[in-house]
Every structure is written in C-alpha cells, then in structure tokens.
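Only this structure's heavy atoms are used, side chains among them; waters, hydrogens and symmetry mates stay out. Proteins come first, then strands; the chains are lettered A, B, ... in the order of their sequence lines, and each starts at number 1.
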Protein chains: 2
Amino acid sequence: MTSDTANPIEIDLFTALEDKGLRKTSARSAVLTRIESANDAFTAEQLCRDLPEVGRATVYRTIRHLVDAGALCKLPILDGAPMYSIARVEHHHHTICSKCGAVGEFRHSTVERVMRSLGKEIDGEIVGHRMEIFIICNQCLSGANDGG
Amino acid sequence: MTSDTANPIEIDLFTALEDKGLRKTSARSAVLTRIESANDAFTAEQLCRDLPEVGRATVYRTIRHLVDAGALCKLPILDGAPMYSIARVEHHHHTICSKCGAVGEFRHSTVERVMRSLGKEIDGEIVGHRMEIFIICNQCLSGANDGG
DNA sequence: CGTTTTATTGATACTTGATATCAATTAGGA
DNA sequence: TCCTAATTGATATCAAGTATCAATAAAACG
C-alpha cells in the first residue's frame with residue numbers, strides 16, 4: 001500500500017520486455033508504470049481508460065507481451081473481459097472476491113501434492129493446472145461495500 | 001459412447017427448463033438434443049453452426065437458461081469463446097486437453113479437503129472454487145492428432 | 001551529432017462473441 | 001377453437017480484441 005521502498009517488480013516488467021528484444025518506448029513505460037501502481041488485478045479496458053494518451057492497440061499489445069513473458073497472469077474469470085495480475089510468485093493460485101472482484105494470490109503445497117496424486121486417476125498426462133478460489137474478502141465481510 | 005441405453009441426462013436438460021417454467025418448443029428441443037449428442041464440450045458458435053434452423057439468439061438464450069439452472073457448466077478456458085459441458089456430477093472439476101481441447105470431468109475428495117484447510121490461510125470467507133487440469137489426453141499421446 | 005534502419009505507434013476498420021429489440025409466431029390453457 | 005403470453009429470430013447493437021499501415025520514434029551506426 002505504501003510506496004516508501006523501491007519496488008523490484010518494476011524492474012521485472014521492464015526486464016521482461018527487454019529480454020524479448022523489445023524497445024523501451026514512452027507508451028510502454030506508461031503502461032508498465034500503471035500496471036505496477038495497480039495493487040489489484042485489472043482489465044485491458046481499465047488500462048485504456050486510465051491511459052487515454054496511449055493507443056488501445058498498444059495497451060493490448062503490451063499486455064500480450066507481458067503475459068507471453070510470464071510477467072502477467074491472465075485470469076479468464078468473468079463473463080466479460082479477463083483480468084490480469086502481476087505474477088509475483090513462481091506458481092500460485094488466485095482468490096477472487098465474488099463481491100468486489102479483488103484478486104489475491106496464494107501458494108499451497110498440498111495443491112501441488114494433490115496434482116501428483118491425481119496423475120493416476122486422470123486419463124492422460126498432466127501438463128498444468130489452474131485453480132481459483134472464490135471468496136468474500138474481509139473488506140466486504142466487514143460491510144465496506146454494502147453500498148453496491 | 002454407445003447409445004444403446006436410455007439416457008437420463010436428456011430428461012435432466014428438459015426438466016431443467018421445465019423447472020424454470022419455460023415452454024417446450026421445437027427450437028429448444030433441437031438445441032437440447034444437439035447438446036446431449038455432444039459427448040465433448042462445445043461452444044455456443046458450434047451449436048449455431050450445427051443448428052442453422054435455430055436462430056443465434058435462441059441458441060445463446062437456451063444455453064444461458066441451462067447454465068442458470070445448473071444443467072451446464074461454463075468453462076471460460078480459451079481466449080475466444082467459453083465452452084460448455086453437461087454437468088453430470090454434483091461438484092467436480094475439469095480436465096482440458098491442451099492439444100485437442102477435449103474436456104473431461106473428475107471428482108477428488110482431497111481437493112475438497114484442501115479447500116477446508118486453506119480457510120485459515122485465506123483472507124476472507126471461501127464461497128466456492130474452480131480447478132482446471134491441463135493434460136495431453138491419451139488419444140493425443142498416442143499420436144491420433146499428429147496431423148494438426 | 002546527424003543519418004539510417006527498423007521497431008513501434010495509434011487511428012481506423014474489422015472480426016468475433018454475445019445481447020437487445022421487436023414484429024411475427026407459436027405453445028398451451030380456457 | 002380461441003386467446004394470451006411466451007418465444008422466436010432477423011437485425012442492430014455492443015464489447016473485446018486484432019489487423020492494417022502510414023507516420024513516428026528508438027537505437028545503431030558512422
């Protein structure tokens with residue numbers, strides 16, 4: 001929430017693009033800066049609205065690059081647009097508040113263990129998994145969102 | 001796979017609509033029949049293509065009714081259109097072949113147990129979860145799909 | 001620093017998935 | 001059969017996202 005420490009994630013996003021041999025432009029910098037400043041997950045359209053000076057196509061392209069580089073997670077959770085969140089943890093899962101839409105991350109070793117034990121029951125070779133936990137977040141539980 | 005037994009699922013789909021007070025029309029019957037005959041998951045557009053005699057709007061409406069009634073699962077797995085599969089098991093998860101897109105179902109009690117144990121770690125109240133396992137299905141492993 | 005090359009941008013048009021509209025039709029009860 | 005309300009589906013519209021391509025800007029080179 002506070003911004004009194006240098007954030008290593010910023011470097012990660014820029015590095016992710018550099019590693020792909022992409023140029024550092026002002027449009028991309030604007031997108032990356034906005035992504036960092038979002039502590040919540042966001043949609044592509046949200047970024048477009050927040051960054052009217054950056055073209056829609058560029059916003060979508062930059063997001064695609066970052067997902068491609070593994071720096072962003074794409075969460076196809078809603079009926080409409082998918083959400084994106086910075087991939088802070090190597091392998092993780094997401095919590096999604098059913099009321100306010102806030103997205104969180106967590107790791108749990110048992111989930112990975114379950115995956116391995118499932119191997120026997122499943123008709124093929126497991127190459128990945130995804131899990132989303134739907135919650136009512138503490139903020140919403142405490143009534144912070146009752147006006148909605 | 002074979003069709004030598006009466007299929008109780010057919011009744012479920014029709015009953016699902018009846019329970020919502022919806023009329024039995026020929027358009028809806030066509031959609032339900034097509035859904036039953038699909039042993040794989042399908043997209044709305046696939047149904048539209050398979051049923052040119054039924055209007056697009058009706059296909060989408062019928063799918064929405066069935067999802068709403070819990071008779072279909074909506075799987076927002078792909079970049080494009082979500083897929084739907086008949087909900088045969090009360091609570092379950094899905095396997096998705098990364099190569100051919102085939103969707104399967106499974107239940108695993110450990111997954112549910114993990115959910116309960118996660119309650120302590122998670123910043124809110126768990127109200128649901130979803131899990132998808134990405135596989136290469138046996139058919140694809142055996143090379144049945146190499147032409148793609 | 002200026003020139004050159006090449007990636008990038010972004011307005012626009014388009015594609016796709018899905019919903020709203022609404023006159024014509026049809027189901028199903030009286 | 002008739003009546004009424006639900007349903008249909010052609011069409012328009014919306015929303016998310018991509019392709020196009022002339023203009024622009026980054027960075028490599030001298």
Side-chain angles (χ1 to χ4, degrees), chain A residues 13-35 38 41-69 71-85 101 103, chain B residues 13-35 38 41-69 71-85 101 103:
Chain A
L13 292 183
F14 278 105
T15 312
L17 297 191
E18 258 175 42
D19 288 352
K20 300 189 75 186
L22 299 172
R23 290 181 180 173
K24 178 169 178 170
T25 68
S26 62
R28 281 183 184 148
S29 295
V31 174
L32 298 196
T33 302
R34 187 51 51 115
I35 289 176
F42 55 88
T43 65
E45 287 303 315
Q46 255 175 284
L47 288 198
C48 289
R49 256 171 266 133
D50 286 354
L51 299 166
E53 75 271 18
V54 178
R56 186 174 250 76
T58 299
V59 168
Y60 276 93
R61 273 187 296 235
T62 305
I63 288 174
R64 215 188 318 145
H65 284 311
L66 291 170
V67 172
D68 202 43
L72 281 187
C73 298
K74 182 175 183 175
L75 305 173
I77 49 170
L78 299 176
D79 273 354
M83 302 195 82
Y84 300 89
S85 73
V103 173
Chain B
L13 292 183
F14 278 104
T15 311
L17 296 191
E18 259 174 42
D19 288 353
K20 298 190 75 184
L22 299 171
R23 290 181 179 172
K24 178 168 179 170
T25 68
S26 62
R28 281 180 184 150
S29 296
V31 174
L32 298 195
T33 303
R34 187 50 51 116
I35 289 175
F42 55 89
T43 65
E45 286 304 313
Q46 254 175 286
L47 288 197
C48 290
R49 258 171 264 132
D50 286 355
L51 300 166
E53 76 271 19
V54 179
R56 186 174 251 75
T58 299
V59 168
Y60 276 92
R61 273 187 295 238
T62 305
I63 288 174
R64 214 186 321 145
H65 283 310
L66 291 171
V67 171
D68 202 44
L72 282 186
C73 298
K74 182 174 184 176
L75 305 171
I77 48 171
L78 300 177
D79 272 355
M83 302 196 80
Y84 300 89
S85 73
V103 173

Going by atom type alone, with no hydrogens or angles, which donor-acceptor pairs under 3.5 Å involve a side-chain atom of residues 22-30 of chain B and a protein atom two or more places apart or on another chain?
| unit_1 | atom_1 | unit_2 | atom_2 | d |
| --- | --- | --- | --- | --- |
| B:T25 | OG1 | B:R28 | N | 3.2 |
| B:R28 | NH1 | B:R23 | O | 2.9 |
| B:S29 | OG | B:T25 | O | 3.0 |

Between N or O atoms, less than 3.5 Å apart, protein on one side and nucleotides 3-7 of chain D on the other: list the pairs.
| unit_1 | atom_1 | unit_2 | atom_2 | d |
| --- | --- | --- | --- | --- |
| D:dA6 | O4' | B:R23 | NH1 | 3.4 |
| D:dT7 | OP1 | B:R23 | N | 2.8 |
| D:dT7 | OP1 | B:R28 | NH1 | 2.9 |
| D:dT7 | O5' | B:R28 | NH2 | 3.4 |

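Under the salt bridge (Lys or Arg N to Asp or Glu O under 4.0 Å) criterion, B:R56 pairs with B:E45, not counting sequence neighbours. Applying the side chain to side chain contact (heavy atoms under 4.5 Å, CB included) test to B:R34 and every residue at least two apart in sequence or in another chain returns B:S37, B:L47, B:D50, B:L51. Listed by chain and residue number, B:K20 satisfy the salt bridge (Lys or Arg N to Asp or Glu O under 4.0 Å) test with B:D68 (two or more places apart in sequence, or in another chain).
In terms of position on DNA chain C, the residue among B:S26 and B:R64 whose nearest nucleotide sits closer to the 5' end is B:R64.
Scanning all heavy atoms of the two residues, the minimum distance from A:V59 to A:A44 falls at CG1-O, 3.9 Å.
Once you apply a 4.0 Å limit to the heavy atoms of chain A, the touched nucleotides of DNA chain C run 5' to 3' over C:dT6 to C:dA11.
For the pair B:L13 and B:T33, the minimum side-chain heavy-atom distance is 4.5 Å or more. With contacts defined as side-chain heavy-atom distances shorter than 4.5 Å, the pair B:S85/B:F42 does not qualify. Looking at heavy atoms from C-beta onward, A:I35 lies out of side-chain contact with A:T62 at the 4.5 angstrom threshold.
Annotation: the terminal axes of the helix from C:dC1-D:dG30 to C:dA30-D:dT1 meet at 20°, where each axis is the rotation carrying the C1' atoms of four end pairs onto the next four (5 pairs per end, rounded to 10°).
Distance check: A:Y84 OH to A:I63 CD1 gives 5.5 Å after rounding to the nearest 0.5 Å.
The side chain of A:Y60 contributes an N or O atom lying less than 4.0 Å from OP1 or OP2 of D:dG17.
Without hydrogens or angle criteria, A:Q46 side chain to A:T43 main chain gives a donor-acceptor distance under 3.5 Å.
Atom CZ of A:R56 and atom C1' of D:dT20 are 17 Å apart (whole Å).
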